There are 2 protein chains.
Amino acid sequence: MKIDPNSPADLSAQIAKAIRDAIMSGDLLVDERLPSEAELSEQFDVSRPTVREALKRLGAQSLIRTQRGATGGAFVNRLRFEDAYGQQITTSTLLLSMNDVSFGTACEARYALERSCATLASERRTADHLATMRAETHRQSQPGLTDEAFCASDVAFHRALVDAAGNPVISYQLAGAVEAMQPLMNMITFSARSRETIVGLHSQIADALEQRDGAAVDMHLSALADYTNTLAQSIIDARQAAKANN
Amino acid sequence: MKIDPNSPADLSAQIAKAIRDAIMSGDLLVDERLPSEAELSEQFDVSRPTVREALKRLGAQSLIRTQRGATGGAFVNRLRFEDAYGQQITTSTLLLSMNDVSFGTACEARYALERSCATLASERRTADHLATMRAETHRQSQPGLTDEAFCASDVAFHRALVDAAGNPVISYQLAGAVEAMQPLMNMITFSARSRETIVGLHSQIADALEQRDGAAVDMHLSALADYTNTLAQSIIDARQAAKANN
DNA sequence: AATTTTCATTTGTCAGACAATTAATCGTCT
DNA sequence: AGACGATTAATTGTCTGACAAATGAAAATT
């Protein structure tokens, strides 16, 4: 392992890249121990703090884990789906909030991707998935619920739907699309009427899933997408009108 | 900003979390400057190297950027879609390679998600998208192409298809699913015959897109999914048979 | 043989220093 | 007065050396 000394500086970034490449190319295997920080600083001919900064970078991406003590050190981490979920959600949420993505665009993405689970979910859904969806639907119909709790339950419902497709890769990819919508949804005030409509559609989706009717799931999801979008649009319009009046 | 001194250690992780939370909650706005490393080390009552490790963690997630010099410092970074692509691809690739996800599962996820673009792409595709897809299809039909180059072109084709949906959120989410497949695809040896079939399906997809026929796009994508899976399965079977013979 | 103690290794943290970079400030000259 | 160059201050990047804390292994003791 060597690094380019006349590169645009930032040694720790270069070292992180070198190690990351070694992991991605398979030179470093899962659970393999990296050289100690002292050895790495010799190999790369930099100081230990610089090596440490590089290792922290990799740690932030869950590529390595560290352990103190005699047999400790930095180890190549087996990246688990659960670890990746969190990062995916963080990144997706920030992407939406920092790039003024419109509600419509985010909503379109979420439902378009989610609809791709309809067939698989109707084939593979278990009683567990269905029970979760029923429970969340029921919670959503309770009167005293805050808008935040309603949205959180909405996310839980849709995650169950996605998980019902029984494909961890899909679940991972959609975690971001589904969860990142919550901050946007939280900005909407749901009337009793609109909640009722959404709960109704959720029930229909659950029913269709129970009967393993993929086409119906898809149809109701599509209806839900349309309704959510219309609802958001009317709220945005109302706010703009109120703004114009002031 | 304060941190818990009797937490399970790793000060730099705690500090990183504190700053990350401040960014995600909106306490720190895009392009806002963080206090200097010296100030942060005072505020958190830790040493500068510890603060630096925390900042490197955040930098690895593209949450901040740093600049040297008099007016330099660490700034909250506007997370761009392009930056997020890279992380998404890295994470997805490692997820697949480290969790022995089967080719079938990954393939299913990729095509299920990609099919959700069919309708949108057929409505919004521009001449540019079409031209890219035609160009890649043409490249794929050239005889001397290595398997790696063939797969790379395949990825480029499908990215153009995804981008044609004209929704940056979808493009971002699917970047991982599409690109992370390449290492798996690279392990397949494509016969002249199978290449021909794939190129044929690609052409049909492009044709359908040209005519803005979403249903046809979806159908051909589905056919491509089936064919890819069958192809991979036959290769896996052949390898196992060869293995049994030895 | 089991238990305790010691020890070596390794990461986590700290203090202080210097180099490199960069923009603002200050002088100087025209 | 204005343009241009030198100085300066602030800030990140890097290094050195040190000590603390954790932890497993080896040695000593019972």
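In what follows, chains carry the letters A, B, and so on, assigned in the order in which the sequence lines appear, proteins first and then strands, with residues in each chain numbered from 1. Because the structure is predicted, anything quoted here is derived from the model rather than measured.
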Among residues two or more places apart or on two chains, list those pairs meeting salt bridge (charged side-chain N to carboxylate O under 4.0 Å, His left out) that have a residue in [range].
{"range": "residues 165-188 of chain B", "result": "R159(B)-E179(B)"}
{"range": "residues 83-109 of chain A", "result": "E108(A)-R124(B)"}
{"range": "residues 64-78 of chain A", "result": "D31(A)-R65(A)"}

Among residues 55-63 of chain A, which residues get a heavy atom nearer than 4.0 Å to DNA chain C? K56(A)
Nucleotide [N], atom [atom2] - distance to [atom1] of [X] in whole Å:
{"X": "D10(A)", "N": "dT14(D)", "atom1": "CG", "atom2": "P", "answer": "6 Å"}
{"X": "E37(A)", "N": "dG12(C)", "atom1": "CD", "atom2": "P", "answer": "6 Å"}
{"X": "I64(A)", "N": "dG12(C)", "atom1": "CD1", "atom2": "C1'", "answer": "14 Å"}
{"X": "R52(B)", "N": "dG16(C)", "atom1": "CZ", "atom2": "C1'", "answer": "15 Å"}
{"X": "F44(B)", "N": "dT13(C)", "atom1": "CZ", "atom2": "P", "answer": "14 Å"}
{"X": "E39(A)", "N": "dT11(C)", "atom1": "CD", "atom2": "C1'", "answer": "13 Å"}
{"X": "L40(A)", "N": "dG12(C)", "atom1": "CG", "atom2": "P", "answer": "13 Å"}

Is any side-chain nitrogen or oxygen of S12(A) closer than 4.0 Å to OP1 or OP2 of dG13(D)?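 Indeed not, no polar side-chain atom of S12(A) lies that close.
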Does T66(B) place a side-chain N or O at less than 4.0 Å from the phosphate oxygens OP1/OP2 of dG13(D)?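 Answer yes for this pair, as a side-chain N or O of T66(B) is under 4.0 Å from OP1 or OP2.
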Output all residues satisfying ring pair (Phe, Tyr, Trp, His ring centres under 6.0 Å) with Y172(B), sequence neighbours left out; order by chain, then residue number.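 With sequence neighbours excluded, Y172(B) shows a ring pair (Phe, Tyr, Trp, His ring centres under 6.0 Å) to no residue whatsoever.
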Applying ring pair (Phe, Tyr, Trp, His ring centres under 6.0 Å) to F190(A) and not counting sequence neighbours gives F150(A)
Do the side chains of L113(B) and V169(A) get nearer than 4.5 Å, heavy atoms only? no
Output a table of nitrogen or oxygen pairs between the protein and nucleotides 15-17 of chain D separated by less than 3.5 Å.
residue	atom	partner	partner atom	Å
dC15(D)	OP2	S47(A)	N	2.9
dC15(D)	OP2	S47(A)	OG	2.8
dC15(D)	OP2	T50(A)	OG1	2.7

With a 4.0 Å cut-off on heavy atoms, is R33(B) in touch with a base, just the backbone sugar-phosphate, or nothing at all?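 Sugar-phosphate only.
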Under the rule for salt bridge (charged side-chain N to carboxylate O under 4.0 Å, His left out), what residues qualify as partners of D27(A), not counting sequence neighbours? none
Looking at residues at least two apart in the chain, or sitting in another chain, which of them share a salt bridge (charged side-chain N to carboxylate O under 4.0 Å, His left out) with R110(B)? E114(B), D154(B)
Output the residues of residues 68-79 of chain A in contact with DNA chain D, where contact means a heavy atom of the residue under 4.0 Å from an atom of the strand; sort by number or write none. R68(A), G69(A), A70(A), T71(A)
I'd like to check the side-chain hydrogen bond (donor to acceptor under 3.5 Å, both in side chains) partners of E53(A); sequence neighbours left out, ordered by chain and number.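 Scan of E53(A) (side-chain hydrogen bond (donor to acceptor under 3.5 Å, both in side chains), adjacent residues dropped) gives R52(B).
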Applying side-chain hydrogen bond (donor to acceptor under 3.5 Å, both in side chains), can you list everything that pairs with Q61(B), at least two apart in sequence or on another chain? R20(B)
Heavy-atom count around E42(B) CD within 6.0 Å, excluding the residue itself: above 12? no
